[in-house]
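Input: a single structure, listed below in structure tokens.
Note: hydrogens, waters and symmetry copies are ignored here, and every other heavy atom, side chains too, is used. We name chains A, B, ... by the order of the sequence lines, and we start the count at 1 in each one.
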Amino acid sequence: MRVRELHRWDLTPREAMRVQERLRARLVTRPLRGAVRCVAGGDIACCNRTGRLFAAVVVLRLPELETLEEVRVARGVAYPYIPGLLSFREAPALLEAFARLRCAPDAVLVDGQGQAHPRGVGIAAHLGLLLDTPTVGCAKSRLCGEHDEPGPEAGDSAPLFLGGHCVGAVLRTRRGVRPLYVSPGHLCDIASSVRLVLDCGGGYRSPEPVRRAHALVTRMRIEAGARDHSPPVARRS
DNA sequence: GCGACAG
DNA sequence: ATCTTGTCGC
């Protein structure tokens with residue numbers, strides 16, 4: 001699928017934050033239109049020892065949850081992990097994977113926040129703008145915002161508030177597990193986001209597209225690590 | 001200054 | 001995220 005170029009990636013943290021503030025104004029929050037038949041999931045894994053980063057995108061067909069396509073990308077780590085700037089570390093590799101995708105998904109689920117972000121532009125929102133496609137953030141833990149504990153049953157949720165507004169939902173995707181932090185990225189709203197995540201549920205904590213992408217990158221990291229015989233990469237003390 | 005802090 | 005062993009529970 002086509003990937004837009006809205007800015008550079010070799011930015012200082014300060015510059016990156018400024019880009020996020022500029023991108024925020026371009027986000028569109030509205031109900032998802034039409035039935036989602038084709039949904040993609042993206043995830044990243046990295047190896048501190050080799051300094052490699054692995055990205056994968058898996059496309060599924062709904063409601064069967066059948067895998068239609070997989071794309072894998074490996075490259076060197078080019079940006080550190082800084083809370084609030086995750087997309088500057090992970091998005092470039094994911095975008096390369098999306099660019100190689102043959103089919104254009106109706107929506108994309110990303111492992112990370114959507115608009116539940118200090119500047120409203122979590123990695124899912126950022127990718128949505130660059131892909132010009134509806135995106136939903138599905139994070140496994142909280143970055144910011146306040147909320148009550150959601151009910152214990154699958155499908156139970158509690159609103160996630162930030163700056164006096166509801167920006168997402170804390171969703172229990174199955175009983176007995178910690179909830180997911182779901183928030184719309186681009187071209188989507190909270191209700192549509194929650195609905196899509198539940199529609200992509202295959203009985204596990206994470207929605208199937210993200211879970212399968214995660215399984216792929218984990219396998220890539222292990223296999224690449226086993227092949228690598230070079231000494232550990234230099235790291236900061 | 002102190003605590004929080006997606007992956 | 002990654003580093004790691006065993007272990008509690010269905």
Check the pair A:Ser157 / A:Val170 against side chain to side chain contact (heavy atoms under 4.5 Å, CB included), numbers first and verdict last.
CA-CA 5 Å; A:Ser157 69; A:Val170 183; over 6 Å; no

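- Under the side-chain contact (heavy atoms from CB on, under 4.5 Å) test applied with A:Pro134, the options A:Leu187, A:Val28, A:Leu109 reduce to a single match, A:Leu187.
- Both the sub-6.0 Å distance and the 45° axial angle are not jointly satisfied by A:Arg89 relative to the ring of A:Tyr79.
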Polar pairs (N or O, both sides) under 3.5 Å between protein and nucleotides 8-10 of chain C?
none

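- Other residues, nucleotides and ligands contribute at most 12 non-hydrogen atoms within 6.0 Å of the CZ atom of A:Arg102.
- The two atoms that bring A:Leu131 and A:Thr133 nearest to each other are O-OG1, 2.9 Å, heavy atoms only.
- In terms of heavy atoms, A:Leu143 sits closest to A:Gly84 at CD1-N, 4.4 Å.
- The environment of CZ in A:Arg33 is sparse: at most 12 heavy-atom neighbours from other residues, nucleotides or ligands sit within 6.0 Å.
- Checking each of A:Leu95, A:Val108, A:Val3 against A:Leu127 for a side-chain contact (heavy atoms from CB on, under 4.5 Å) leaves exactly one that passes, namely A:Leu95.
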Please, what dot-bracket string fits DNA chain B when only Watson-Crick and G-U pairs with both distances under 3.5 Å count, crossing ones use [ ] and pairs to another strand use |?
.......

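- Nucleic acid contact for A:Ala45: sugar-phosphate only, since backbone atoms but no base atoms lie under 4.0 Å from a heavy atom of the residue.
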Per-nucleotide pairing state of DNA chain C [Watson-Crick or G-U, under 3.5 Å; [ ] pseudoknot-crossing; | other strand]:
..........

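- Without hydrogens or angle criteria, A:Arg175 side chain to A:Glu153 main chain gives no donor-acceptor distance under 3.5 Å.
- The aromatic rings of A:His126 and A:Phe88 lie perpendicular to each other, with more than 60° between the two planes, well past the 30° mark.
- No side-chain heavy atom of A:His147 sits less than 4.5 Å from a side-chain heavy atom of A:Phe161.
- Atom CG of A:Asp10 has more than 12 heavy atoms from other residues, nucleotides or ligands within 6.0 Å.
- Applying the salt bridge (charged side-chain N to carboxylate O under 4.0 Å, His left out) test to residues at least two apart or on different chains, the pairs with a partner in residues 188-205 of chain A are A:Arg195-A:Asp199.
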I need a per-nucleotide contact map over nucleotides 2-7 of chain B, read 5' to 3'. Cutoff is protein heavy atoms under 4.0 Å; write B for the base, S for backbone only, - otherwise.
--SBBB

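- Within the 3.5 Å criterion, the main-chain N or O of A:Gly151 finds a donor-acceptor partner in the side chain of A:Arg172.
- Remark: side-chain polar atoms of A:Thr218 are paired, donor with acceptor, to backbone N or O of A:His214 under 3.5 angstrom.
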Protein-nucleic acid N or O pairs under 3.5 Å, nucleotides 3-7 of chain C:
| from | atom 1 | to | atom 2 | distance (Å) |
| --- | --- | --- | --- | --- |
| C:dC3 | OP2 | A:Arg221 | NH1 | 3.2 |

